[in-house]
Amino acid sequence: MLITRLKEKETIESLLGGTCFILNCRGCSEMSFPQDEADALEAQLASEGKVTGILTTDYICSPENLKLRLERHQTEIEEADAILVLSCGVGVQTVSELYENKKVFSGCDTLRLPGFQGVTPLDVDCGQCGECYLNLTGGICPVTACSKSLLNGQCGGAKNGKCEVDPEMDCGWERIYRRLEAIGRLDLLKVPTQIRNYSTDDAVYKQNAPEKQG
């Protein structure tokens with residue numbers, strides 16, 4: 001299981017700036033996900049006319065299954081300015097790969113806790129940072145997609161779109177740039193580097209790990 005928490009309501013509203021389709025995952029994080037808070041957020045956004053549709057399901061990190069579940073919601077997704085994903089970072093990245101030309105936002109932070117994480121066959125991972133960067137990088141995680149976990153852009157060793165550390169691996173920041181270019185958000189590259197605050201997830205880890213592992 002994972003521990004996920006909703007971002008601040010003001011943060012989520014500032015991300016959207018328009019309408020959204022909400023994808024709510026009840027998979028491996030369901031036992032620690034604040035569902036009541038999510039329901040309240042969904043209801044408020046819907047009352048304000050900002051929601052084109054909502055799908056609550058499980059294991060959205062399985063792309064083939066997710067495609068089937070989303071078939072009946074394609075019109076709602078097309079009408080939305082963005083997709084708001086309430087899941088761990090694996091789910092957000094899976095949705096981003098399915099909708100390369102759509103804005104996909106993470107409405108949650110994932111906190112570090114040893115255990116089960118996602119079932120995706122895709123080459124994506126979640127670093128359980130406690131402060132998710134996906135909304136600044138087009139739904140591609142710079143911590144796990146970059147061999148050096150760089151938060152401030154491409155290093156000087158990447159060549160022809162490939163990683164300096166692993167020549168068989170696509171450069172994570174090359175992917176981030178192309179993704180932001182596709183959704184018209186290259187302006188996000190001007191945002192100052194967000195330094196990770198390790199104390200946020202360490203506190204949760206110390207509180208939960210003994211009970212969950214015992």
Side-chain angles (χ1 to χ4, degrees), residues 1-9 11-13 15-16 19-46 50-74 76-78 80-100 102-141 143-145 179 200-201 204 208 212:
M1 116 177 195
L2 296 172
I3 291 180
T4 53
R5 66 182 177 195
L6 282 179
K7 292 181 178 292
E8 295 293 330
K9 174 179 171 292
T11 299
I12 294 176
E13 290 181 332
L15 290 170
L16 298 178
T19 58
C20 68
F21 178 85
I22 299 177
L23 187 51
N24 187 346
C25 183
R26 295 298 303 275
C28 48
S29 66
E30 63 180 350
M31 292 186 66
S32 63
F33 182 72
Q35 189 60 49
D36 290 344
E37 295 178 34
D39 290 343
L41 174 67
E42 292 172 0
Q44 178 174 343
L45 292 176
K50 296 180 179 179
V51 178
T52 62
I54 299 173
L55 173 61
T56 297
T57 184
D58 59 3
Y59 299 108
I60 66 172
C61 49
S62 178
E64 294 304 319
N65 289 333
L66 182 60
K67 283 181 183 178
L68 293 175
R69 296 171 186 174
L70 288 175
E71 282 183 355
R72 67 182 65 180
H73 297 281
Q74 287 307 311
E76 297 168 346
I77 293 173
E78 290 173 4
D81 297 313
I83 301 174
L84 177 64
V85 183
L86 304 180
S87 81
C88 74
V90 175
V92 179
Q93 293 177 78
T94 304
V95 176
S96 293
E97 292 208 13
L98 288 179
Y99 295 94
E100 294 182 351
K102 197 83 175 180
K103 296 176 183 176
V104 177
F105 294 121
S106 171
C108 297
D109 289 319
T110 309
L111 306 179
R112 185 165 65 95
L113 184 69
F116 186 78
Q117 176 188 291
V119 294
T120 181
L122 301 175
D123 187 23
V124 297
D125 193 9
C126 174
Q128 303 175 11
C129 299
E131 294 178 314
C132 190
Y133 297 99
L134 292 171
N135 293 331
L136 296 174
T137 54
I140 298 173
C141 178
V143 176
T144 59
R179 165 74 173 164
T200 55
D201 55 329
V204 174
N208 291 274
K212 301 304 178 184

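We number each residue from 1, following the sequence as shown.
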Legend entry - Heavy-atom side-chain contact between Asn65 and Ile60 under 4.5 Å: no

Legend entry - Inter-residue atom distance Ile77.CD1 - Arg72.CZ, 0.5 Å rounding: 12.0 Å

Legend entry - Exercise: identify the closest heavy-atom pair between Ser87 and Cys108: O-CB, 3.5 Å

Legend entry - 4.5 Å side-chain heavy-atom contact, Leu15 and Lys103: no

Legend entry - Residues that Glu76 engages under side chain to side chain contact (heavy atoms under 4.5 Å, CB included), provided they are two or more places apart: Phe21, Thr52, His73

Legend entry - salt bridge (charged side-chain N to carboxylate O under 4.0 Å, His left out) contacts touching residues 82-93 (sequence neighbours left out): none

Inset, instruction - Look at the side chain of Gln93 and the backbone N and O of Gly89, then say whether any donor-acceptor pair between them is shorter than 3.5 Å. - result: yes

Inset, instruction - Spell out, as yes or no, whether a donor-acceptor pair under 3.5 Å connects the side chain of Arg26 to the backbone of Thr57. - result: no

Legend entry - Between CD1 on residue Ile140 and OG on residue Ser96, distance to nearest 0.5 Å: 7.5 Å

Legend entry - Any side-chain heavy-atom pair of Gln44 and Lys9 under 4.5 Å: yes

Legend entry - Where Cys20 and Ile22 come nearest, the two heavy atoms and their spacing: SG-CG1, 3.8 Å

Legend entry - Gap between atom CG of Leu84 and atom CD of Glu42 - 0.5 Å precision: 8.5 Å

Inset, instruction - Using a 4.5 Å cut-off on heavy atoms from C-beta on, say whether the side chain of Asp109 contacts that of Thr4. - result: no

Legend entry - Derivation of the side-chain contact (heavy atoms from CB on, under 4.5 Å) call for Leu45 and Leu16: CA-CA 10 Å; Leu45 292 176; Leu16 298 178; 4.1 Å; yes

Legend entry - Any side-chain heavy-atom pair of Leu66 and Leu23 under 4.5 Å: yes

Legend entry - Nearest-0.5 Å distance that lies between atom CG in Leu70 and atom CG in Leu68: 9.0 Å

Inset, instruction - Sort and list the pairs that fulfil salt bridge (charged side-chain N to carboxylate O under 4.0 Å, His left out) and have at least one residue in residues 50-62, not counting sequence neighbours. - result: Glu48-Lys50, Asp58-Arg69

Legend entry - Whether Lys102 side chain and Ala80 backbone form a donor-acceptor pair below 3.5 Å: yes

Legend entry - Contact check, side chains of Phe105 and Ile83, non-hydrogen atoms, under 4.5 Å: no

Legend entry - Under the side chain to side chain donor-acceptor pair (under 3.5 Å) test, residues paired with Asn135 that sit two or more places apart: none

Inset, instruction - Check for a donor-acceptor pair, side chain of Thr11 on one end and backbone N or O of Lys7 on the other, with a separation under 3.5 Å. - result: no

Inset, instruction - Can you sort out the partners of Gln74 under side chain to side chain donor-acceptor pair (under 3.5 Å), two or more places apart, ordered by chain and number? - result: Tyr99

Legend entry - Qualifying residues under side chain to side chain donor-acceptor pair (under 3.5 Å), relative to Thr19, sequence neighbours excluded: Asp81

Legend entry - Student check: side-chain heavy atoms of Val90 and Val92 closer than 4.5 Å: no

Inset, instruction - Answer whether the closest heavy-atom distance between the side chains of Arg179 and Glu97 falls below 4.5 Å. - result: no

